[in-house]
Each structure stands twice: as C-alpha cells, then as structure tokens.
Amino acid sequence: MNTRYLPANLVIGAILVVLTLGVALLSVFWTPYDYTQLDIVHKFQGPSAAHWLGTDQLGRDLLSQLMAGAGNSMAVAVTAVVLGGSIGTALGLLASAYGGWVEDIVMRLSDLSFAFPALLFAIMLAAAFGPSLPNVVVAIAFINVPIFARVARASANQIWTREYVFAARAAGLGKFAISRDHILPNIAAPIIVQATIEFALAILIEAALSYLGLGAQPPSPSWGRMLSEAQTLMYLAPQLAIYPGLSIVVAVLGFGLLGDGLRDVTDPRLSRER
Amino acid sequence: MRRENLPQMHGAVRMGYFIFRRLVGFVLTLLAVSVVVFLAMNVLPGDPALNILGIESSEDARAALREQLGLDEPAVFRYFQWIFNAVQGDFGVSYSYGVPVSELIVERIPMTLSLAFSGMVLTTVVALVMGITAASHHKKTGDWVVMLLSQLGVAIPAFWLSMLLVLLFAVKLRWLPPGGFAGWDDPLAAMRSLVLPTVSLALVQSAVLARVTRSSALEVIRHDFVRTARASGFSRQRVLWRHVLPNALIPIVTIVGLQFAALVSGTIVIENVFYLPGLGRLIFQSISNRDLFTVQALVMMFAVIVVSANFLVDIAYVLIDPRLKARTE
C-alpha cells in the first residue's frame with residue numbers, strides 16, 4: 001500500500017464513515033432530547049437554538065431521532081454484514097480448500113440465493129414470522145453469504161498456489177490449519193473491501209424495509225420509518241422528508257467511497273485501470 | 001460468465017446444446033427456489049393456521065382452517081400438490097380476497113412489468129449516454145461530473161428520490177400526480193401516473209450501469225482498431241457508438257440482467273410509494289391481511305421473473321458476442 005498517495009474517495013469516504021459511526025456511538029450515550037419524548041405544543045417547529053433541526057408532527061426533536069436512527073441503522077448493517085460475511089467467508093474457504101463436490105455444492109447454493117433479491121427474502125420472512133428488525137438482519141445476512149463465499153473462494157484459490165502454502169502442506173499442516181493460518185490472513189484485504197461496500201447496501205436495504213414497515217417497529221427509531229411517517233405529511237411539513245434521506249445518503253456514500261478507495265489502494269491493478 | 005467446454009458438434013446443434021444446458025439449469029433453479037419458498041413460508045414458521053389467524057384465535061378455529069386449507073396433509077404432499085397446481089396456473093384461492101390468486105396476478109402483473117420494462121429502457125438509455133460520455137472525456141470535466149453523479153445516485157434510496165420528485169413535480173409545480181392510478185382506460189393519464197415512478201426506479205439503477213458502461217468502454221477505447229477507425233476518418237461519435245459500444249456490451253448486458261432483478265424488486269417499494277396497483281402493492285396488502293398463500297405465490301412469481309431474466313441474459317450472451325457465437329457454431 002502506497003501511503004504517500006491516498007485517493008480522494010478514500011479520504012472523503014473515511015470522513016463520512018467516521019462521522020456516521022461517531023454519531024451512532026454518541027447516540028447510545030447521549031442525544032439532545034429523549035427521541036420518544038412527545039411535546040405536541042411544539043410540533044412542526046423549524047430549526048432553533050433549542051431544537052437544531054426542529055421538531056416533527058408529535059413535537060419530538062428531529063436531531064435526537066436522526067442520531068438514534070444512525071445507531072439503529074449501523075447496528076443492523078454491522079450485525080448483518082459480519083454475520084453473513086463470516087458464514088460466506090467460511091464457506092468460500094471450505095470450497096477452496098476441498099474443491100470437488102464440496103465446492104460444487106457451495107457454488108450452486110450461492111447461485112440459488114441470487115434468485116432472491118434481499119427485499120423479496122425479507123418480505124418472505126416478514127410474512128412468515130412477522131415484521132421485526134432481527135428478520136431484517138437475517139435477510140441481509142442471508143444475501144451476503146453467497147457474495148462473500150464467492151469473493152473468499154476466488155481469492156483463496158489464488159493463495160493456495162503460493163509457495164509458502166506448498167511449504168506449509170509439505171510441513172504436514174492440514175487444510176483447516178492452512179486455511180486459518182495462511183489463507184485467511186492473505187484474503188483479508190478483498191474481504192474487508194467487500195464488507196465496506198456491503199455495509200452501504202445494508203444501510204439502504206434496512207432503510208427500505210423500515211420504510212415499508214417490515215423493519216424497525218415503533219417506537220424504535222429508524223431513518224426509513226421517519227421517511228414513511230414524513231410521506232403522509234409532505235404537504236404540511238416537507239422538511240421532515242429531507243433530513244432522514246440526507247442521513248441515509250451520507251452514510252451510504254461514506255461506506256461506498258471508503259470501499260472504492262480501499263480497493264484502489266489494496267488492488268493496484270484495478271486502480272491503474274481507473 | 002461461465003466458459004462452456006462444449007463437445008465437438010456442429011453449428012446449430014452446438015447452439016441448441018448450449019441453450020438446452022441453460023434450460024435445464026433454469027428449471028432446476030426454479031425447483032430449488034420453490035423448495036426454499038415453501039420451506040420458509042410453510043414449514044419453518046410452524047403452524048400456518050396460527051400465523052393466518054393470529055395467537056388470539058381459538059384452537060377450534062385453527063383446526064377448521066387447517067382442514068379447509070388442507071394443512072393436515074404431510075408437508076411433502078402439500079409441496080408437490082402446490083407445484084403440480086402452480087404449473088397449471090392454479091395458485092389456490094386468496095384467503096383475504098376470496099378469488100383465485102391467479103386472477104389477482106393476471107390483473108396486477110401489467111403494472112409491475114410495465115414499470116420494470118419502462119424503468120429498464122430509461123436506465124439503459126441514461127446509463128449508455130452517461131457512460132460513453134464519461135469514457136470519451138476520460139479524466140476531464142465530463143468524466144468527473146458523470147462519476148460524481150453516479151456515486152451520488154448509488155447512495156440515494158429510490159423511495160427517497162420518489163418523495164423528492166413528488167415534492168417538486170406534484171406538490172410544488174403540480175405537473176404530475178403524486179400517486180395513485182386510475183386504470184389503463186385513459187392511456188395518457190396512465191402514462192402521466194407512471195412518469196415519476198419510472199424515473200425514480202431508473203435514475204438510481206442507471207447510476208450503477210453508467211459506471212459499468214464507462215469502465216467497459218475505457219477497456220475497448222485503448223484497442224488498436226479504435227485508433228484505426230478514427231484514423232480512417234470516421235467521426236468520434238460514430239466510432240464511439242458503432243465500434244466501441246458493441247464491443248463493450250458483454251459486461252453491460254451482465255449488469256442489465258442483474259439490474260432487471262433489482263428493478264423488479266424495486267417495483268415492490270415504488271408501487272407502495274405511489275400507491276400503484278401492481279404485484280408489489282398486492283404482496284404488502286397480503287402480508288397485512290395475513291394471506292400467507294397469496295404471499296407465497298407472489299414471492300414465487302417474483303423469483304420466477306428474476307430467474308427468467310438471468311436465463312435470458314445467458315442466452316443473450318451468445319447472440320451479442322461474436323466470439324461466443326463462433327464457439328457454439
């Protein structure tokens with residue numbers, strides 16, 4: 001990695017991600033107001049010293065809701081991508097290490113899951129088990145499994161041909177030990193890049209599902225649900241539809257740019273082509 | 001794209017063999033998908049009757065419903081019965097609407113497909129123009145603008161874009177309706193209702209496709225034949241659209257195929273934003289009505305559309321790539 005030159009997308013992405021994660025973390029300990037606190041007298045207020053972004057139809061502080069929504073969104077994205085990514089990476093490593101029918105089964109199963117767009121899978125879970133945030137996590141994790149399985153397998157296949165892997169095999173190490181000690185550390189870069197990009201997508205999917213009422217349930221705060229509430233008030237208070245959407249864009253843009261930037265610096269071949 | 005190791009065969013036979021192999025894969029995928037859908041909706045949740053009637057229902061009511069819906073039969077039997085009926089176009093009777101599910105689907109599928117197709121056409125046109133423009137202005141202002149727009153487009157949720165478009169074109173300017181659909185009888189009104197939904201669907205997707213078009217075109221532009229074509233006196237535009245684009249199509253078509261899937265599932269959200277009577281809206285109404293078997297049929301329907309799109313893309317490869325065609329002929 002060339003540290004003298006950092007691409008602009010990496011820097012901007014990192015700033016936006018740190019900002020989003022910082023707000024999300026802060027919201028766990030502190031928000032200007034309790035985001036569930038109603039104050040009907042002061043509903044639909046514009047920005048003021050007391051309420052920096054104003055208040056919503058029930059007089060709740062908008063900034064506090066946005067901050068708590070960030071916490072929720074990040075928690076879902078991180079849990080789902082880490083869960084799906086770990087299972088997918090493990091399956092990819094398994095496929096690469098054993099080849100043959102093991103690889104065939106893993107790859108055919110991952111083909112199959114491409115038939116289910118995340119939204120469709122989440123809808124199916126919501127219909128069968130009722131709408132909830134854990135179902136959203138499961139749905140997002142599920143669609144991430146084949147993505148990571150493919151990335152891990154493709155990267156691992158390259159590492160298995162390296163001489164130090166041959167040496168490890170000659171030294172009598174088993175396939176599991178080699179996968180754990182030699183393959184995994186060497187495929188970490190593409191996995192982390194993929195995870196960053198998938199975080200961005202996870203935030204979008206969570207927002208869409210919560211908007212549709214399949215994700216976060218009231219009073220749990222969520223950018224998607226704030227937007228769905230704002231939609232019915234669009235003639236009355238259009239500003240309510242602006243901030244949650246902007247928050248989503250900032251978070252998704254941040255992770256997207258960071259992922260692209262990381263790929264540029266960890267994969268010089270790709271960055272030269274750009 | 002998977003490289004085929006086709007046996008030594010002749011012309012049309014090889015082409016037929018290629019399509020046959022893809023067709024078998026297509027049918028197997030659909031069968032596997034149906035198993036997943038059936039397990040997720042019928043077996044994993046435990047008692048579907050409890051799911052439909054809710055926990056406040058009495059055991060007698062649940063027993064009666066189980067008998068009415070044939071839920072006492074073993075799951076394997078019910079699965080085969082479902083598939084056997086489904087291939088004949090029979091998805092059972094909707095629990096909440098009281099009409100055959102197939103009727104509901106036939107009534108609503110024109111909306112979903114017209115949204116998806118018009119969205120796809122708009123996506124492709126916008127993306128090709130943006131992508132080729134960016135590639136031909138590589139590392140100049142035009143390129144930066146397109147890349148910035150596409151980066152932003154990828155980050156904007158389609159449903160939020162819809163709301164912003166409604167705010168601007170329906171609430172402020174009052175040019176277009178904010179939602180709803182009065183039917184196909186008045187084609188002009190119908191098209192007006194579909195403008196904002198189509199644009200919301202397409203702009204986000206074209207951001208993705210524009211980036212792919214750009215990088216694919218950049219790959220092609222540096223080849224010798226492009227320089228030769230320019231040197232032969234062909235105009236820049238002609239070379240871009242007639243020489244560069246056709247050779248850059250393979251990755252573009254791959255993404256178009258995947259995007260059709262994204263567009264189809266995107267219609268689920270967009271139909272709900274704009275209150276359009278398509279399959280996406282129906283699936284939500286069915287979820288809130290706890291109409292489990294209608295949801296099951298609709299999820300399967302969406303999966304069939306997605307898998308079919310991928311199948312058609314596979315076939316399209318052979319038709320657009322002369323090298324692949326030569327391999328099969």
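Throughout, protein chains are lettered first and strands after them, A, B, ... in sequence-line order, and every chain is numbered starting at 1.
With a threshold of 4.5 angstrom between heavy atoms, Val304(B) does not approach chain A through any atom at all. Of the two parts of Ser265(B), the backbone and the side chain both hold a non-hydrogen atom closer than 4.5 Å to a non-hydrogen atom of chain A. Both the backbone and the side chain of Val299(B) come within less than 4.5 Å of a heavy atom in chain A. Only the side chain of Leu214(A) comes within less than 4.5 Å of a heavy atom of chain B; its backbone N, CA, C and O stay farther away. Contact annotation for Phe302(B): both backbone and side-chain heavy atoms come within less than 4.5 Å of a heavy atom of chain A. For Val273(B), the parts lying near chain A are the backbone and the side chain together; criterion is any non-hydrogen pair under 4.5 Å. Only the side chain of Ile287(B) comes within contact range of chain A, judged by heavy atoms closer than 4.5 Å. With a 4.5 Å cut-off on non-hydrogen atoms, Val269(B) touches chain A through its backbone and its side chain both. Heavy-atom distances place both the backbone and the side chain of Leu253(A) under 4.5 Å from chain B.
Chain B is approached within less than 4.5 Å, heavy atom to heavy atom, by Leu204(A), Ala207(A), Ala208(A), Tyr211(A), Leu212(A) from residues 203-212 of chain A, ordered by number. Scanning residues 24-34 of chain B against chain A with a 4.5 Å non-hydrogen threshold yields Thr29(B), Ala32(B), Val33(B), sorted by number.
Atom CG in Leu298(B) sits 13.0 Å away from atom CE in Met124(A) (nearest 0.5 Å). The CD atom of Gln239(A) sits 10.0 Å away from the CG atom of Leu167(B) when rounded to the nearest 0.5 Å. Taken to the nearest 0.5 Å, the CG atom of Leu120(A) stands 12.0 Å off from the CE atom of Met301(B).
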| task | In sequence, state the C-alpha distance, the side-chain angles, and the governing distance for Leu246(A) and Trp160(B), and then conclude on side chain to side chain contact (heavy atoms under 4.5 Å, CB included). | result | CA-CA 9 Å; Leu246(A) 275 181; Trp160(B) 187 53; 3.9 Å; yes

| Stepwise side chain to side chain contact (heavy atoms under 4.5 Å, CB included) test for Ile12(A) and Gln151(B) | CA-CA 12 Å; Ile12(A) 300 172; Gln151(B) 193 69 259; over 6 Å; no

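Residues Pro157(B) and Leu227(A) have side chains not in contact (no heavy-atom distance under 4.5 Å, counting atoms from C-beta outward). The shortest side-chain heavy-atom distance between Ile268(B) and Ile123(A) falls under the 4.5 Å cut-off.
Put simply, of Asn310(B), Val37(B), Asp291(B), the one with the most heavy-atom pairs under 4.5 Å next to chain A is Val37(B).
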